Visitor: 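Dropping a structure here in structure tokens format, bear with me for questions.
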There are 2 protein chains.
Amino acid sequence: MGDEIQGEKPTLRTLAQETGFAVATVSRALAGDPRIAATTRETVTAAANRLGYVPDRAARRLRTGRTQVISLLLNTQHEFLGFTHEFLAGITEVLAGTGYSVTVVPDSPGQDRLAPVRTILRNNLADGLLFTRTEAFDPRVRLLMEADFPFVSHGRTEFTTPHPWVDYDNEAFARLAVAHLVAKGRRRISLVLPGDQFTFTQHLRYGFLSAVRAAGIDHEIVAGVTLDSPPTAIGAALMQRRHAPNPPDGYVCVGEVTALLALAALTDTGGMHGVDADIVAKRASPIFDNIRPRIDTVFEDLRATGRAMAEMLLRRMNGEPQERLNRLFMPETDL
Amino acid sequence: MGDEIQGEKPTLRTLAQETGFAVATVSRALAGDPRIAATTRETVTAAANRLGYVPDRAARRLRTGRTQVISLLLNTQHEFLGFTHEFLAGITEVLAGTGYSVTVVPDSPGQDRLAPVRTILRNNLADGLLFTRTEAFDPRVRLLMEADFPFVSHGRTEFTTPHPWVDYDNEAFARLAVAHLVAKGRRRISLVLPGDQFTFTQHLRYGFLSAVRAAGIDHEIVAGVTLDSPPTAIGAALMQRRHAPNPPDGYVCVGEVTALLALAALTDTGGMHGVDADIVAKRASPIFDNIRPRIDTVFEDLRATGRAMAEMLLRRMNGEPQERLNRLFMPETDL
DNA sequence: TGGGTTAATTGAAACGTTATAAATCGGGCG
DNA sequence: CGCCCGATTTATAACGTTTCAATTAACCCA
């Protein structure tokens, strides 16, 4: 890493003048073209380092059509606590030093989720795409597959054609959570689900239902609200059930906010955690270590998820076959 | 917004052929150059809309040197809960539709904070910069001012030259928090500060100290840890003080995690919130509405902060005088 | 010796845009 | 009638890179 800073920003032409080779040769040498003599390559790279040459992104992009940009579609409405931070940290960590930069594009919640994708494709704004909150028949996945555009989804789909994805085993999480509550002697377990359109909702439901049925206990999936409902609405729904006869004595919470809401509903109705009901929650941030009473948690490592998605996208852009680009994170727990 | 999608992506040349004008004329017409006849401008813009013309970013960038990119330096270590999400949402909200895209660059915590800034300047990776966790004599501010590069800092500095910033009145927050605790009859108030290098640490300290002195009560600034210390370390420090003689009966907490730690320390030593001690915390996310026992909070609207910073940066890039580009958010509370 | 072959290098074009300087075209004026 | 002027338009170069096709140099073998 040479630090000999000149007045002017060095370009290929600077290097060409400096080394006596033609611009084309310099370009090839730096690209590692095998047709270039080894000695030439050395001379050129030496000069490049000495002058601190960095290829101009705009020029390269104009010429090659590659943007050196990866776009991340980020939900700007509600988030699981710390999701954005951890996820983004994982992504930037992997991409640092690769020459790719990450742009964040808002994924308008109620709006047309295809619009930003269309813009990116049409105006060639990125070389690859990452997104979250994948739906079972996600129109973005369909569009991107048709366009043969590299992407990695956070969450699986139900399309038959394979595509790269990274997911968390929410079915296993639900089973685990139920099993833990059953082991504590709980007989009626409550669950708030995300919206039906998301694939992971089906995984959660399936894992939950088969676990409670196998254990032969009661269950209820809270009606009328989803994880994306306003917290007050969720709180009200939970509250209502606590006042009704035969309230649940166990809660499986997919988000941290829901866990706090459940805890608050319990407390506010005079119940005691660990006595009248137990809660198991999925957590993405370490904040729950500090909550009293302590809630049992299952960890989802979103930083690792971000890393995995970024790495996978790089491999996809390098042309690896899609079938193999999948990764399912298992729940981490010491329950 | 015409939707007549052709096989090829339309360029200025396409429009030139279509309208019969020269490429240069078309470019000027779209740029709104006053030398172009009104009728011509109409013809050209009509054609542009019809064909769905979008200027190529790479070409424009290569030619003009402007990147149409705004970079955000984001701390990837610790965050205040929900900070990243809200902040980013505010920024993207303002920038949507302006043609600017946001890239996220990790601001390595212990590392050289100048390195990413240098890279951005040197390789011309952005037209403007946003960053957080500003230091009293922040080297990034110095460098950017020297280079006359547009930026907005989250937090003030102590440089004499003015520069654009958006800040939260942490001094007012500290006074408010102390006043509230004093009103509750608390006589010994504890505070965990961020690292000394940050400007807002000085504001917090000043507000805190002058408020406790004016009220004539005891105080302690927890030694040996900062807000960036590992939560376990902060927890241990708080715990130690609770076991020592004459423990604090009031806590001013700058972050949500610290508030939970203080609450946990209180609970774990058999104390009761509202009886043995009170807590006032700054919150950036609505999560605290759900914590039991309820903690008194003062709100910092980070989404509005992100919006303000993005808007201010746009104005700075449009050449507005720097002296006027400042905004101080006041604490929002119903204490 | 000379044609054929390989290895290495190079000139030139192109990507799509903007900016500089020059060209065109009616009129208006002396 | 010729000249100049303002209003429009245009040809052209340039931004920095990659790549196609062509050139040069060196070498081998008949």
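Residue numbering restarts at 1 for every chain, and letters A, B, ... go by the order of the sequence lines. These numbers were taken from a predicted model, which means no experiment stands behind them.
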Visitor: Quick one: label A22(B) by what it contacts on the DNA or RNA (base, sugar-phosphate, nothing), any heavy atom closer than 4.0 Å.
Guide: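 Here A22(B) touches the backbone only, sparing every base.
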
Visitor: From C-beta outward on R13(A), which listed nucleotide comes closest to its side chain: dC15(D), dT9(C), dT17(D)?
Guide: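 Within the option list, the nearest is dC15(D).
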
Visitor: Among residues at least two apart in sequence or on other chains, which ones pass salt bridge (Lys or Arg N to Asp or Glu O under 4.0 Å) with R57(A)?
Guide: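 By the salt bridge (Lys or Arg N to Asp or Glu O under 4.0 Å) rule, R57(A) matches no residue at all.
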
Visitor: Rounded to the nearest Å, what distance is computed from the CZ atom of residue R41(A) to the C1' atom of nucleotide dA7(C)?
Guide: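 To the nearest whole Å, that distance equals 13 Å.
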
Visitor: Below 3.5 Å is the cut-off: list the nitrogen or oxygen pairs between protein and nucleotides 23-28 of chain D, distance only.
Guide:
none

Visitor: Rounded to whole angstrom units, what separation is found between the NZ atom of K9(B) and the P atom of dC15(C)?
Guide: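 Answer to the nearest Å: 12 Å.
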
Visitor: Any base atoms under 4.0 Å from T11(B), or only sugar-phosphate, or nothing? Heavy atoms, all strands.
Guide: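 It contacts sugar-phosphate atoms only.
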
Visitor: Can you check the D56(B) CG to dC15(D) P distance for me, whole Å?
Guide: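 To the nearest whole Å, that distance equals 18 Å.
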
Visitor: Could you walk me through whether R61(B) and Q68(B) pass the side chain to side chain contact (heavy atoms under 4.5 Å, CB included) test, one step at a time?
Guide: CA-CA 8 Å; R61(B) 174 168 171 176; Q68(B) 299 275 90; over 6 Å; no

Visitor: How many Å lie between CG on N124(B) and C1' on dG16(D), as a whole number?
Guide: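 It is 13 Å, rounded to the nearest whole Å.
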
Visitor: Can you pull out every salt bridge (charged side-chain N to carboxylate O under 4.0 Å, His left out) where at least one residue sits in residues 95-105 of chain B? Sequence neighbours excluded, please.
Guide: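 Of all non-adjacent pairs touching residues 95-105 of chain B, none passes salt bridge (charged side-chain N to carboxylate O under 4.0 Å, His left out).
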
Visitor: Starting at the 5' end of DNA chain D, which residue's closest nucleotide do you reach first, T25(A) or G20(B)?
Guide: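 Per heavy-atom nearest nucleotide, the more 5' residue is G20(B).
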
Visitor: Using the salt bridge (Lys or Arg N to Asp or Glu O under 4.0 Å) criterion, which residues pair with R307(B)? Sequence neighbours excluded.
Guide: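 Checked R307(B) against salt bridge (Lys or Arg N to Asp or Glu O under 4.0 Å); matches are E93(B).
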
Visitor: Residues two or more places apart in sequence or in another chain: which of them pass ring pair (Phe, Tyr, Trp, His ring centres under 6.0 Å) with F87(A)?
Guide: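 F87(A) satisfies ring pair (Phe, Tyr, Trp, His ring centres under 6.0 Å) with F83(A), H154(A) once adjacent residues are dropped.
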
Visitor: Check the pair L328(A), R156(A) against side chain to side chain contact (heavy atoms under 4.5 Å, CB included), reporting the backbone distance first and the verdict last.
Guide: CA-CA 9 Å; L328(A) 188 62; R156(A) 284 161 280 180; 3.5 Å; yes

Visitor: Report which part of the nucleic acid T64(B) touches: base, sugar-phosphate, or nothing (heavy-atom distance under 4.0 Å, all strands).
Guide: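 It contacts sugar-phosphate atoms only.
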
Visitor: Using the ring pair (Phe, Tyr, Trp, His ring centres under 6.0 Å) rule, collect all pairs that involve residues 111-145 of chain A, keeping only residues at least two apart or in two chains.
Guide: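 Every pair satisfying ring pair (Phe, Tyr, Trp, His ring centres under 6.0 Å) with a residue in residues 111-145 of chain A: F131(A)-F151(A), F137(A)-F159(A).
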
Visitor: Over all strands shown, is S27(A) touching base, sugar-phosphate only, or nothing at heavy-atom distances under 4.0 angstrom?
Guide: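 If one applies the 4.0 Å heavy-atom cut-off, S27(A) turns out to touch a base.
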
Visitor: To the nearest Å, how far apart are R60(B) CZ and dG16(D) C1'?
Guide: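 One finds 18 Å between C1' of dG16(D) and CZ of R60(B), rounded.
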
Visitor: Output the rounded distance in Å from CZ (F21(B)) to P (dT24(C)).
Guide: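 Going from F21(B) (CZ) to dT24(C) (P), I get 17 Å.
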
Visitor: Taking only distance into account, with no hydrogens and no angle test, what donor-acceptor pairs under 3.5 Å do side-chain atoms of residues 34-41 of chain B form with protein atoms, sequence neighbours excluded?
Guide:
{"residue": "R35(B)", "atom": "NE", "partner": "D33(B)", "partner atom": "OD1", "Å": "3.3"}
{"residue": "R35(B)", "atom": "NH2", "partner": "D33(B)", "partner atom": "OD2", "Å": "3.3"}
{"residue": "R41(B)", "atom": "NH1", "partner": "D33(B)", "partner atom": "O", "Å": "3.1"}

Visitor: From CG of L62(A) over to P of dA13(C), roughly how many Å is that when rounded to an integer?
Guide: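 Going from CG in L62(A) over to P in dA13(C) covers 17 Å.
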
Visitor: Kindly write out the residues that satisfy salt bridge (Lys or Arg N to Asp or Glu O under 4.0 Å) with R315(B), not counting sequence neighbours, or none if the list is empty.
Guide: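 Result, salt bridge (Lys or Arg N to Asp or Glu O under 4.0 Å) vs R315(B): E320(B).
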
Visitor: Looking only at side-chain atoms of A24(B), point me to the closest of dT17(C), dT9(C), dA11(D).
Guide: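 Shortest atom-to-atom distance from the side chain points to dA11(D).
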
Visitor: Mind checking the CD1-CD1 spacing from I91(A) to I70(A)? Nearest 0.5 Å is all I need.
Guide: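 Atom-to-atom, I91(A):CD1 and I70(A):CD1 are 8.5 Å apart.
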
Visitor: Nearest-Å distance, CG (L12(B)) to C1' (dA11(D))?
Guide: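 Taking CG of L12(B) and C1' of dA11(D), I get 15 Å after rounding.
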
Visitor: Mind listing the residues from residues 28-38 of chain B sitting with a heavy atom below 4.0 Å of DNA chain C? Number order is fine.
Guide: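 Contacting residues: R28(B).
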
